[in-house]
There are 2 protein chains.
Amino acid sequence: MTQPTPIDTHPLARFAATLRWQDIPDAVRARAEDLCVDWFGSVLAGQGARPVRSIACFALSQGPAQGPSEVIGQAASTSPLMAALANAAAAHVAEQDDVHNGSVFHPAAVVFAPAVAVAQSLGASGAQLLTACVAGYEVGIRVGEFLGRSHYKVFHTTGTAGTFAAAAAVGHLLGLSPAQMQHALGSAGTQSAGLWEFLRTAADSKQLHTAHAAAAGLMAAYLAKDGFTGAQDIFTGPQGMAAGMSTDADPARLTDGLGTRWATAETSFKWHASCRHTHPAADALLQVMQQHGLRAEDIAQVTCHVHQGAIDVLGPVAAPATVHQSKFSMGTVLALAARFGHAGLGEFDAEFLAPGTVALRERVAMVLDPEVDAAYPRRWIGKVTVHTVVGRVLQGRVDEPKGDPGHTLSREEITAKALRLARYGTALPPGRAEAAVQRLWRLHAWPRVQRLLGED
Amino acid sequence: MTQPTPIDTHPLARFAATLRWQDIPDAVRARAEDLCVDWFGSVLAGQGARPVRSIACFALSQGPAQGPSEVIGQAASTSPLMAALANAAAAHVAEQDDVHNGSVFHPAAVVFAPAVAVAQSLGASGAQLLTACVAGYEVGIRVGEFLGRSHYKVFHTTGTAGTFAAAAAVGHLLGLSPAQMQHALGSAGTQSAGLWEFLRTAADSKQLHTAHAAAAGLMAAYLAKDGFTGAQDIFTGPQGMAAGMSTDADPARLTDGLGTRWATAETSFKWHASCRHTHPAADALLQVMQQHGLRAEDIAQVTCHVHQGAIDVLGPVAAPATVHQSKFSMGTVLALAARFGHAGLGEFDAEFLAPGTVALRERVAMVLDPEVDAAYPRRWIGKVTVHTVVGRVLQGRVDEPKGDPGHTLSREEITAKALRLARYGTALPPGRAEAAVQRLWRLHAWPRVQRLLGED
């Protein structure tokens, strides 16, 4: 008996539908391109992982043998839906993809995968793709903030908010009207899913969550383009997201600073391939070494001045037995950073038990620092005291870990990271990933989005 | 830092994986076949609906141009995933598909669509298909009961529990081990979704929910077959379904009577195409008419003795203006039943405003009946007093509406209903649906599941 009731278009739907390239500040446009290159590296890094191969294999088996959309890292091309499924699964597995701190949401995995697949299918320009991805970031991050901490306790926000992010990005590419975008967000939210329960046994669900979000959001947008209707108030309606999946949802966050505050540019890059709690100290150590021209063998001892959370999480890991565990060992992370200038996926795999790593690891200690602890989690300050073998005592300090918005990566660093990730996850011929990354740096000028990795 | 912890296989996963045709009582086997024919009619009825066409069109555009699985009612065949998406969308739109009262769950839509698509792809036998579908019904109904009333207030259980039902049915066909089935249920639950918010504006999400559940469950099962892992305690773990999506979940319901209580056989068929509150009185009127050889024109007045809920929902509808509204008009429903012996989709569309219908509609009244009201909702008793034009006063009574387990449909009635639905939703050549239904009645003996509707 329910009759359709006209309802105003939500400002978030209108924003996502009507955002134009010329509305986006230059710095945000450039950051979107940075995030795209960073995402591309993460997709290449994830190619070989078993859960990713399972999802890609399923997607290819259920899709057409040929299609307009690239399955990155494979010769295959398929339909946009299936490419989105495969590529979204790949982006998140190496845990090196971007993160928005306030929403605890990893936007790249669920935005770029469906948007690139659809852009390739439509022949959209690079600027159109980037505009759509900014729409996806702005929507997804705000939905994550809206859903709040109570949601994040049980739900994996990258899966849930990610469905909206994917719908917004794809809907923008499809040219949805504001009303159609509202329907797309309704259809996205009613498919929104992802529970943390898999953590209990380290199951593969994280890859399923990004794949699902990308595919469900893409489908929501395509259906809306065809006139399929969705809930008009999926966020705050009495049987919507907040009612079912949050106890502290804050509707004001959905529209916070729309068009003036660019959440896209608040997104952090991950630099080291380790637990985030190790990053500030690792960066402070690298600063000391660079400033004083130290090599790893010059270091006698390192004292890290840290927040309590770092001691809680990292303290128990004295002698890591596995690669995964070593990423939670402050000593291992600092030793790899000191020895190689960076603690990346490859360094962990090859060197976490090497004698040079273990020797230095044993000479790293943590102490609680009141200033660092008081600033956390608003700021992640890194402070170290380094004793050298010749008896010098040196202090290092960084106020934001490398990759955070106030200490973001340069394009050279993003390139280097992406190429490291490509080498880690693929066996591409020399120069192929490098050429692809160099092309991607001109994405804003592409007249038409083609295969990102190029042809074999 | 989470390390895999061995956990016992949940009895529900073990049951779904190991159920055998020979374990299923004859009456339940036959009921599964009944439910399959009934589902087939609902799929044909839904073919022409706009939201169904949108989803089918999307599925066909994203899948292969040819494949092993039938898109029912179309010449097209595609991959199992895409056929499941399209066929699951179709089954629920006419609101004539089956329902399990205790779980408020519509199993057929989310079980048969993915199971048939996968059985066609594997070349499974009819008995294998039916066994898998019984596994799907038993799992989905128990998950719905487990999630409880608090869940149903916000979530559309057919979408949420449906994801598990689809995974169980498909997983059974794929021959998953109990451990793999547990992973499949974990992957299903972490994609489980569907919010009632769409009701506010009568949006199309119901079709999306069944399509999504079928596709997500199918994917969960295929991935599990390939070694992809899922949460081990998706139901009751601290970050699982109960934690995130229910406040009154009852874990005992997950295993209630497994292997002895057959929830499949508790499932109700819908007979009239109207609000369920009208069914008991319509059946009681038909009983009187049959018993006393009355025609519609013999009836002077009908008094329905009803529960308060019927008055609340149906009372305001005095002069229905639309087909949809007329399904909530007790007078219209009884008039159509009296005139045509059945209030079906076709009767509503063509006759709800016909003079003969309106004249009889005006002579139907409802009064609250203490006995009927006290029995509700455990029993839906139908009681009418009929005054005839020649002055007779006749009483009619049914203790369960037609289609409920204690008053189930005969195979002749199921056939008649399916063919009515086929005529309603398709323009098939004469005899084609009939031949298909007759073939389906031998499903248990099929050596290999082929196209249900046959070739053009």
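So you know, we letter chains A, B, ... as the sequences are listed, proteins then strands, and number each from 1.
- Looking at B:S192, only its backbone comes within 4.5 Å of chain A, counting heavy atoms on both sides.
- Taking the side chain as every heavy atom from C-beta outward, B:H156 and A:Q239 never approach each other to under 4.5 Å.
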Which donor-acceptor pairs under 3.5 Å do the side chains of residues 80-90 of chain A make with protein atoms, sequence neighbours left out?
residue: A:N87; atom: OD1; partner: A:I72; partner atom: N; Å: 3.0
residue: A:N87; atom: ND2; partner: A:E70; partner atom: O; Å: 2.9
residue: A:N87; atom: ND2; partner: A:A83; partner atom: O; Å: 3.3

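- One distance of note links CZ of A:R200 with CD1 of B:I234; it measures 10.0 Å at 0.5 Å rounding.
- Annotation: residues 208-225 of chain B contacts chain A through B:L208, B:H209, B:H212, B:L218, B:M219, B:Y222, B:L223 [non-hydrogen atoms, separation under 4.5 Å].
- Heavy-atom pairs under 4.5 Å with chain B were tallied for A:G186, A:G67, A:P238; the largest tally goes to A:P238.
- For the residue pair B:S205 and A:G230, the shortest heavy atom distance occurs at OG-CA, 4.1 Å.
- Rounding to the nearest 0.5 Å gives a distance of 9.5 Å between OG1 of A:T229 and CD of B:Q207.
- Side-chain atoms of B:M245 and A:F155, non-hydrogen and from C-beta on, do get closer than 4.5 Å to each other.
- When the candidates A:T160, A:D226, A:V154, A:L195 are compared by the number of heavy-atom contacts under 4.5 Å with chain B, A:L195 comes out ahead.
- For B:G240 against A:E197, the heavy-atom pair with the smallest separation is N-OE1, 3.5 Å.
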